[in-house]
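What's counted below: heavy atoms across the whole structure, side chains too, no hydrogens, waters or symmetry copies. Given the structure is predicted, the values throughout are model-derived calculations rather than measurements. Chain A is the first sequence line, chain B the second, and so forth, proteins listed ahead of strands; every chain is numbered from 1.
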Amino acid sequence: MIRRGFQAVIRLGHHRVLPGAPHVLPRLNRTSAFGSSTDSLVSRFCLEKTDLKDYALPNASWCPDMLNLYQEFLEKTKTDGWIKLPSFKSNRDHIQGLKLPFGLAATSDKSDWRIFTRCLQVEGQGYEYVIFFHPSKKKSICLFQPGPYLEGAPGFAHGGSLATMMDETFSKTAYLAGEGLFTLSLNIRFKNLIPVGSLAVLNVDVEKIEDQKLYMSCIAQSRDQQRVYAKSSGVFLQLQLEEELSQ
Amino acid sequence: MLRSCVSRLRTLAVQRGLPGGAPLPAKDPWSPRVNPGAGRRERAAKPGCVRGDPRSFSSEVMHMDLSLPNPSWSEDMRLLFDQFMKKSEDGSWKHLPSYKSKFTQETEDIKIYFPDAKLMKEKLSQAQLFPRSLEEGLGFEYAMFHNCVEDRTVCIFQGGPYLQGVPGFLHGGAIATMIDATLGTCAVVAIGVAMTASLNISFKRPIPLGSVVVINSQVDKVEGRKLFLSCNIRSVDEKTVYSEATSLFVKLDPKTRLT
């Protein structure tokens with residue numbers, strides 16, 4: 001029995017070292033204070049075998065800063081326990097087989113719905129971003145490059161686009177850290193403007209989980225951390241999704 | 001016969017709002033409007049109402065006012081729009097036009113805060129104002145009205161299928177964007193060019209995708225260059241409160257560089 005357990009550990013070790021292999025955590029214990037554990041949420045969320053297009057991958061519009069930092073974090077997915085989150089066209093694609101609790105589910109199921117942050121699909125035009133999540137530290141890092149269609153003040157990203165990116169990063173973090181589903185509140189203090197086409201790094205931490213609510217904080221800054229763009233806090237409501245009954 | 005043709009053409013010119021003719025009457029919302037008076041900036045010569053006038057634009061580019069009904073607007077949206085246009089007839093309310101790009105006189109004003117002219121020129125050529133960068137009906141469909149007497153701005157908003165968050169509902173970020181846009185407009189109308197310093201939003205109920213909501217915003221307090229504003233988002237019948245927000249906007253100082 002000990003040998004079998006040991007062999008399982010070695011297999012795990014091999015799996016993590018393989019270069020370029022997608023990082024998948026094994027299914028650990030399912031029980032936690034609220035429904036599913038982070039690991040089971042992550043493995044269900046990050047569909048490995050899928051035909052769906054992953055938009056959180058480098059493309060020609062990414063600036064050098066973004067590409068470099070992306071590579072850095074990709075390395076960390078092999079060694080430090082980070083996971084690169086895929087980003088599909090619709091949130092529905094991330095939760096296949098699951099649905100909102102009775103009373104909240106949308107009455108019509110339109111296939112042309114798109115998640116807001118992937119609404120502009122021409123490369124470099126709108127939101128270019130990728131989120132890395134660390135399950136045990138319950139933190140996320142989002143690399144965000146706003147395109148010219150996100151303009152507010154001339155040459156700079158609209159405040160609403162940064163608010164959106166913060167809400168989106170909070171949203172994915174909240175869901176994977178504790179089944180947080182709906183934003184309850186967002187408090188953003190803007191400090192400096194983000195030039196269109198440049199990289200902003202968003203660091204999100206889960207501060208606490210209490211009373212069916214997840215409390216998170218975020219700081220958006222330049223890569224060298226010399227310039228802080230904004231600081232924010234967000235509170236999300238925990239709500240368990242239900243299994244869709246097969247028909 | 002010639003005389004009757006000429007008079008018929010003149011009537012047509014009046015109806016279509018061509019230069020020299022009067023603008024289209026409010027009852028005909030389906031034709032795209034082109035604002036007359038191209039090239040000349042209307043300085044705040046109009047007493048009272050709108051000081052930071054967002055209507056002026058350059059003569060080089062023709063603009064379509066996007067805050068007018070189009071086929072993607074639902075029945076609710078059109079009804080609300082008509083109600084507000086009716087209220088605008090006596091001058092207490094004013095419809096605020098909204099364009100895709102910011103090639104406006106307002107941009108000329110803003111440029112003094114961003115002296116990196118070369119960079120700006122390149123970026124400006126591809127840029128689009130964020131809430132207007134999606135195709136008709138897919139993203140933000142909205143129109144804003146300003147009440148000159150009570151000094152508040154109302155935005156009627158219909159969120160399209162590309163603004164999804166939780167499936168079936170609007171993305172929190174899309175709601176935050178509209179709140180920022182409405183409060184921003186309210187601030188600009190009150191004190192001229194201003195920027196968001198902070199936003200504090202409380203979400204009460206999720207907004208279903210495709211539904212119409214009303215954003216009521218107002219100025220709460222002015223302290224020097226600081227402007228405190230608040231708003232709430234309600235359903236058309238005003239019975240449901242979806243969100244509430246407070247914010248701080250700061251009037252830009254020409255002496256201070258922002259970058």
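- Considering every non-hydrogen atom in both B/P167 and A/W113, the closest pair reads C-CZ3, 4.3 Å.
- Not one N or O on the side chain of A/N187 forms a donor-acceptor pair closer than 3.5 Å with the backbone of B/N200.
- By the 4.5 Å heavy-atom criterion applied to side chains, A/L100 and B/V166 are counted as neighbours.
- To the nearest 0.5 Å, atom NE2 of residue B/H171 and atom OG1 of residue A/T117 are 5.0 Å apart.
- Within the model, atoms NZ of B/K204 and OG of A/S185 stand 9.5 Å from one another, a figure rounded to the nearest 0.5 Å.
- More than 12 heavy atoms of other residues, nucleotides or ligands sit less than 6.0 Å from atom CD of A/E210.
- When side chains are defined from C-beta on, A/S90 counts as touching B/Q164, because their heavy atoms get closer than 4.5 Å.
- Ranking B/A245, B/A174, B/A176 against chain A, the residue ahead of the rest is B/A174, based on heavy-atom pairs under 4.5 Å.
- Surrounding NZ of B/K226 are at most 12 heavy atoms belonging to other residues, nucleotides or ligands under 6.0 Å away.
- Counting only distance, with no hydrogens or angles, the side chain of B/S198 and the backbone of A/R189 share no donor-acceptor pair below 3.5 Å.
- Here the straight-line distance linking atom CD1 of B/I175 with atom OG1 of A/T183 works out to 7.5 Å at 0.5 Å rounding.
- Of the atoms belonging to A/I95, it is side-chain heavy atoms, and not backbone ones, that fall under 4.5 Å from chain B.
- Of the listed residues A/T164, A/L237, A/L181, A/V235, the one with more heavy-atom pairs under 4.5 angstrom with chain B than any other is A/T164.
- Residue contact with chain A, scored on non-hydrogen atoms closer than 4.5 Å, is absent for B/L138.
- Taking the six-membered ring wherever Trp is involved, the centroid distance between the rings of A/F116 and B/F140 falls below 6.0 Å.
- By the 4.5 Å heavy-atom criterion applied to side chains, B/S202 and A/L184 are not counted as neighbours.
- Taking 4.5 Å as the limit, some side-chain heavy atom of B/F169 sits within range of a side-chain heavy atom of A/F182.
- Considering only heavy-atom pairs separated by less than 4.5 Å from chain A, the leading option among B/G165, B/G139, B/S247 is B/G165.
- Interatomic distance, A/L186 CG to B/S243 OG, rounded to the nearest 0.5 Å: 10.0 Å.
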(message) Would B/L134 and A/L120 count as a side-chain contact (heavy atoms from CB on, under 4.5 Å) here? Give the steps.
(response) CA-CA 7 Å; B/L134 286 165; A/L120 292 158; 3.8 Å; yes
(request) Please report the C-alpha distance between A/S161 and B/T177 in whole Å, then the side-chain angles of each, then the deciding distance to 0.1 Å, and finally whether the side-chain contact (heavy atoms from CB on, under 4.5 Å) criterion is met. (result) CA-CA 7 Å; A/S161 71; B/T177 301; over 6 Å; no
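- In this structure, the portion of A/Y127 lying under 4.5 Å from any heavy atom of chain B is its side chain and not its backbone.
- Looking at every heavy atom in both residues, B/T196 comes nearest to A/F190 through O-CB, 3.6 Å.
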